[in-house]
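Below is one structure, written out as structure tokens, with a few remarks after it.
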Amino acid sequence: MRIVQYSGSDSERLEMSEAVQSDVRLSVSEIIQSVRERGDTAVREYTAKFDGFSPENLEVTAEETAAAFDSVPADLLAALRRACRNIREFHSRQIRDGFSFVNPDGITVGQKITPIAKVGLYIPGGTARYPSSVLMNAIPASIAGCSEIIMVSPPSESGDIPPVILAAAKLAGVHRVFRVGGAQAVAALAYGTESIPKVDKIVGPGNAYVAEAKRQVFGAVSIDMIAGPSEILIIADAESDPRFVAADLLSQAEHDRRASAVLITDSYPLAEAVSAEVERRLSVLPREGIARESIESNGRIIVVPDMDTAFEAANKLAPEHLELCLDDAEKYLGRVSNAGSVFLGRYCPESLGDYLAGPNHTLPTSGTARFSSPLSVDDFIKKTQYICCSRNDLSGVGGDIALMARSEGLEAHARAALVRTGDIQ
């Protein structure tokens, strides 16, 4: 891996992976328009073009799901159930209640919480399968009380969705599954087709086409975020085991050729040891080609003078995943301002969070942890405000309403209050 010295003024060294680019905008726009106009016919044509299969039935049947569930090895099912338990327990603590109170003017005000009715989950296919993403997206939606959870995922050339994906969907409470992926799946969820229902919100990761499609349909539906390639940033000191650090860097690099894996350390000997260990471990990875390109293009080790500088750099990067490979790592948590998810200590790999610790693994990327948060139950609810006021209570504030409305040049607003209090006819 490339080793660089941190100067504090070199902005090029403080960039994680680039956000999804817009060079696919025109192609995605054409796909979306075609799906809006031609519905299932367009979805089938694009599925045949991009996935090599044209499904007669877009929806996966209950019988197919049951057969898939029964075919998953018992030990893998047990692991999925364990992950479900932990994810449910964590996200159930995010449930919020509405509130109501009488303000000092005697007016009752409040907020009610309502689940989003229909949500669409996009689950990637392609070079890897992600049952963990099914659990992380569907379980919070289920806890929130969404009445319809619709999942889309690209099929294989034979038209199948991996059994473990369907098993995860069943465990997580997904109601319907469709064998379609790419921008055409996002368009179908956003606008509806003869087979695929229109939803109110679309969540879940995908490639550049999926990300661009989510960007373009936003407004017609809500979306969770525009996710870029995966990222990991590790802060480690001289006492860190280079094997652990290298393994964790590669755990992200194998996701995507554009993924970013970065180490910040105050120890040059550790930097050299990790660089050598990464090279040694690359050669035995099944996804070596993907991981190697990621490491060579986006991976680096930044050597800093001290830990204060390490945290300064980390907060500028605002990474998706931040590992603190330090003794007593909990005491450093307060120094983290910008990160999607933080992993504390030398025995807390990022993969623990990816699969079964419980916190969500759908996280802000490309520096957006500066202002956004992990996927949660909050993403599947909406908040409605309400106000209740008697004539007597309105009389006490009507004059101020009129003053403020007239200061904005909105006489009708003023009169709407004053006519009720008898101050005008």
Side-chain angles (χ1 to χ4, degrees), residues 1-3 15-21 23-24 50-52 76 122-134 136-137 153-157 160-162 164-165 168 181-183 185 204-213 225-234 242-263 274-302 317 319-323 340-341 343 349-355 361-367:
M1 290 182 72
R2 183 164 49 111
I3 302 175
E15 293 177 357
M16 295 298 280
S17 54
E18 295 181 356
V20 175
Q21 300 298 304
D23 56 352
V24 297
F50 298 124
D51 298 309
L76 179 53
Y122 188 93
I123 303 301
T127 60
R129 58 190 67 178
Y130 298 104
S132 58
S133 289
V134 179
M136 294 290 183
N137 284 271
S153 191
S156 66
E157 290 186 359
D160 298 321
I161 292 176
V164 68
I165 296 292
N207 62 17
Y209 287 85
V210 171
E212 178 60 25
M225 63 184 76
I226 304 294
S230 192
E231 308 161 351
I232 189 169
L233 173 62
I234 301 174
R243 298 173 304 159
F244 296 178
V245 177
D248 290 354
L249 291 169
L250 291 173
S251 73
Q252 289 305 112
E254 73 173 350
H255 264 300
D256 190 314
R257 298 178 191 276
R258 298 170 61 207
S260 292
V262 177
L263 165 64
V274 169
S275 180
E277 189 69 20
V278 165
E279 181 59 35
R280 186 182 73 81
R281 289 173 176 269
L282 266 172
S283 62
V284 299
L285 284 180
R287 292 165 67 88
E288 178 189 358
I290 292 172
R292 184 173 294 279
E293 184 171 338
S294 166
I295 290 294
E296 291 177 353
S297 299
N298 303 309
R300 60 203 182 281
I301 300 172
I302 303 172
L317 285 163
E320 178 187 17
H321 307 96
L322 174 62
E323 286 190 10
S341 192
F343 301 80
E350 181 275 333
S351 52
L352 175 61
D354 266 353
Y355 295 114
H361 79 193
T362 302
L363 304 168
T365 63
S366 306

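When reading the values below, keep in mind they use all heavy atoms of this one structure, side chains included, and skip hydrogens, waters and symmetry mates. Computed from a predicted model, the values in this text were never measured in an experiment. Note that the numbering runs from 1 along the sequence shown for the chain.
Contact check for Ser132 versus Asp354: no side-chain heavy atoms found under the 4.5 Å cut-off. Between Val262 and Pro319, the closest side-chain pair of non-hydrogen atoms is not below 4.5 Å. At a threshold of 4.5 Å between non-hydrogen side-chain atoms, the residues Tyr355 and Pro131 do not count as touching. For the pair Met225 and Thr362, the minimum side-chain heavy-atom distance is below 4.5 Å.
Summarising the local packing, CZ of Phe50 is surrounded by more than 12 heavy atoms from other residues, nucleotides or ligands at distances under 6.0 Å.
For the pair Glu323 (side chain) and Glu350 (backbone), a donor-acceptor distance under 3.5 Å is present. Here the side chain of Glu231 pairs a donor or acceptor atom with the backbone of Glu320 at under 3.5 angstrom. A donor-acceptor pair is defined here as one N or O able to donate and one able to accept, closer than 3.5 Å; such a pair exists between the side chain of Ser294 and the backbone of Ala259. Proximity of a side-chain donor or acceptor of Ser275 to a complementary backbone N or O of Met1 within less than 3.5 Å is detected.
Closest approach of Pro154 and Tyr122 over heavy atoms only: CD-OH, 4.0 Å. In plain terms, the two heavy atoms of Ile226 and Thr365 that are nearest each other are O-OG1, 4.3 Å. Closest non-hydrogen pair, Met136 versus Gly353, comes out as CE-O, 3.5 Å. Across all non-hydrogen atoms, the minimal contact from Ser153 to Pro124 is OG-O, 3.9 Å. When every heavy atom of Tyr130 is checked against every heavy atom of Ile123, the shortest pair comes out as O-CG2, 4.0 Å.
Arg300 contributes atom CZ, which lies 11.0 Å from atom CD1 of Ile295 (distance to the nearest 0.5 angstrom). Once rounded to the nearest 0.5 Å, the distance linking CG of Leu282 with CG of Leu250 reads 5.0 Å. Interatomic distance, Ile234 CD1 to Ile301 CD1, rounded to the nearest 0.5 Å: 9.5 Å. Between Gln252 atom CD and Leu233 atom CG the span is 11.5 Å, to the nearest 0.5 Å. Note that OG of Ser251 is 10.0 Å distant from CG of Leu285, once rounded to the nearest 0.5 Å. In this structure, CG in Leu363 is found 5.5 Å from OG in Ser341, a value given to the nearest 0.5 Å.
Residues satisfying the side chain to side chain donor-acceptor pair (under 3.5 Å) criterion with Glu277, sequence neighbours excluded, are Arg280, Arg281. Taking the side chain to side chain donor-acceptor pair (under 3.5 Å) definition, one finds that Ser133 meets it with His361, sequence neighbours left out. Pro155 meets the side chain to side chain contact (heavy atoms under 4.5 Å, CB included) test with Thr47, Asp51, Phe53, Arg179; sequence neighbours excluded. For Arg292, the side chain to side chain donor-acceptor pair (under 3.5 Å) partners at least two apart in sequence or on another chain are Glu279, Glu288. Here Ser297 pairs with nothing under the side chain to side chain donor-acceptor pair (under 3.5 Å) rule; sequence neighbours left out. Under the ring-ring contact (aromatic ring centres under 6.0 Å, His included) criterion, Phe244 pairs with Tyr347, sequence neighbours left out.
The list of salt bridge (Lys or Arg N to Asp or Glu O under 4.0 Å) pairs with a residue in residues 246-256, not counting sequence neighbours, is empty.
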